[in-house]
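Some notes on the structure that comes next.
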Amino acid sequence: MNHHVSMEERAERLVVVRAGKEVSSVCEPLPPDRPMWFPGTSPPDWLDGSLPGDFGFDPLGLGSDPETLRWFAQAELIHSRWAMLAVTGILIPECLERLGFIENYSWYDAGSREYFADSTTLFVVQLVLMGWAEGRRWADFIKPGSVDIEPQYPHKVNPKPDVGYPGGLWFDPMMWGRGSPDPVMVMRTKEIKNGRLAMLAFVGFCFQATYSASQDPIENLMAHLADPGHCNVFSAFTSQ
């Protein structure tokens with residue numbers, strides 16, 4: 001028996017319908033024996049490995065409906081990306097302040113600072129730009145492939161991107177997301193795992209700013225590393 005699968009056979013296999021969903025043409029689904037969130041458990045039927053970061057975790061059955069699961073997957077992806085940007089936007093200015101490039105920085109009070117325009121103008125501009133971007137993303141979610149921003153060239157058919165992964169010249173200039181299906185799933189899984197970590201980190205930053213406002217996140221981290229037994233999350237409730 002020949003165990004080697006040609007690229008043509010793999011391409012045909014990837015467009016089959018699995019668990020009521022069309023599998024991505026550029027992303028290899030995870031195998032049934034993939035690692036689970038808890039060793040020895042079996043994933044529910046609706047978590048079939050076709051989603052990046054699928055470790056079979058849905059104890060409440062929130063994703064049992066296919067359309068709901070599709071929405072949850074996109075919501076998690078977008079929140080993950082925003083969280084990664086937020087964590088980066090918090091830590092980089094903190095480092096720049098320590099290096100002397102900026103003064104009196106506090107991410108928690110950044111919205112009250114004076115900028116090149118008044119707060120109302122900034123809000124309206126952000127509302128228009130964000131509304132346009134989110135409207136385009138919603139249109140692509142409702143009708144996948146309807147929002148195509150790639151340049152059109154004669155005698156060239158642009159690949160149909162997956163929802164949430166526009167790729168192409170503007171979002172994937174190095175074409176990392178158009179390689180072999182196996183590495184693409186690996187990269188998307190890394191993205192969602194880092195995004196989940198960033199969401200937890202942002203919650204931690206909010207907690208830190210609320211209960212330890214006299215110190216910035218980096219100062220809190222250094223204090224914890226120096227004395228983890230006394231400088232930790234529990235000390236926020238015991239110190240006066």
Checking Q208 side chain against N220 main chain: does a donor-acceptor pair fall under 3.5 Å?
-> no

Atom CE in M199, atom CE in M84: separation rounded to 0.5 Å?
-> 8.5 Å

Nearest heavy-atom contact between C231 and A223 is CB-O, 3.6 Å

Determine whether V203 and Y108 fall in the same hydrophobic cluster, where Ile, Leu, Val, Met, Phe, Trp and Tyr are linked whenever their side-chain heavy atoms lie under 4.5 Å apart.
-> no

Are side-chain N/O atoms of T121 and D118 paired as donor and acceptor at under 3.5 Å?
-> yes

Under the ring-ring contact (aromatic ring centres under 6.0 Å, His included) rule, what do F55 and W37 come out as? Steps first, then yes or no, please.
-> CA-CA 5 Å; F55 297 101; W37 70 278; over 10 Å; no

Is the shortest side-chain N to carboxylate O distance from R70 to D65 below 4.0 Å?
-> no

Are any non-hydrogen side-chain atoms of S80 and L77 less than 4.5 angstrom apart?
-> no

N232 and P228: which non-hydrogen atoms are nearest, and at how many Å?
-> ND2-O, 3.0 Å

Calculate, to the nearest 0.5 Å, the distance between atoms CD1 and CD1 belonging to I218 and I90 respectively.
-> 11.0 Å

Do the charged groups of E191 and R188 touch, with an N to O distance under 4.0 Å?
-> no

Taking atom CD1 of I192 and atom CG of D54, what is their separation to the nearest 0.5 Å?
-> 11.0 Å

Group every Ile, Leu, Val, Met, Phe, Trp and Tyr by side-chain heavy-atom contacts under 4.5 Å, then state whether L96 and F205 land in the same group.
-> yes

Just how far is it from atom CG of N194 to atom OG1 of T189, taken to the nearest 0.5 Å?
-> 11.0 Å

In one Ile/Leu/Val/Met/Phe/Trp/Tyr side-chain cluster, 4.5 Å: L129, F123 | no

Would the number of heavy atoms belonging to other residues, nucleotides or ligands and lying under 6.0 Å from CZ of F207 be above 12?
-> yes

Can you tell me how far the CG atom of L47 sits from the OG atom of S42, to the nearest 0.5 Å?
-> 12.0 Å

Under a single-linkage definition using a 4.5 Å side-chain heavy-atom cutoff for Ile, Leu, Val, Met, Phe, Trp and Tyr, are I142 and L69 assigned to the same hydrophobic cluster?
-> no

D140 and G164: which non-hydrogen atoms are nearest, and at how many Å?
-> OD2-N, 4.3 Å

Is a side-chain N or O of H79 found less than 3.5 angstrom from the main chain of A75, in a donor-acceptor match?
-> yes

Is it the case that R196 places NZ or CZ above or below the six-membered ring of F57, under 6.0 angstrom from the centre and within 45 degrees of the axis?
-> no

Got a donor-acceptor contact below 3.5 angstrom from the E97 side chain to the E103 backbone?
-> no

Side chains of N104 and R113: does their closest heavy-atom pair fall under 4.5 Å?
-> yes

Give the intermediate values and the outcome of side chain to side chain contact (heavy atoms under 4.5 Å, CB included) for residues D58 and W46.
-> CA-CA 10 Å; D58 190 9; W46 52 89; 2.9 Å; yes

Might you work through the side-chain hydrogen bond (donor to acceptor under 3.5 Å, both in side chains) test for D216 and W107, ending with a clear yes or no?
-> CA-CA 9 Å; D216 60 50; W107 74 270; over 6 Å; no

Ring centers of F202, W82 separated by less than 6.0 Å | no

Is the distance between the ring centroids of W138 and W132 less than 6.0 Å?
-> no

Common cluster, Y115/M130, ILVMFWY with side-chain heavy-atom separation under 4.5 Å = no

May I ask you to test the T41-F38 pair for a side-chain heavy-atom distance under 4.5 Å?
-> yes

Could you give me the CA-CA distance, side-chain angles and deciding distance for M222 and L225, then say whether side chain to side chain contact (heavy atoms under 4.5 Å, CB included) is met?
-> CA-CA 5 Å; M222 294 298 103; L225 293 177; 3.9 Å; yes

Distance-minimising heavy-atom pair for G49 and M185 = O-CE, 3.8 Å

Heavy atoms of S64 and G61 approach each other most closely as OG-O, 3.1 Å

Considering all heavy atoms, the nearest G56-P44 contact | O-CD, 3.6 Å

How many angstroms lie between atom CG of D48 and atom CZ of R34, to the nearest 0.5 angstrom?
-> 7.0 Å

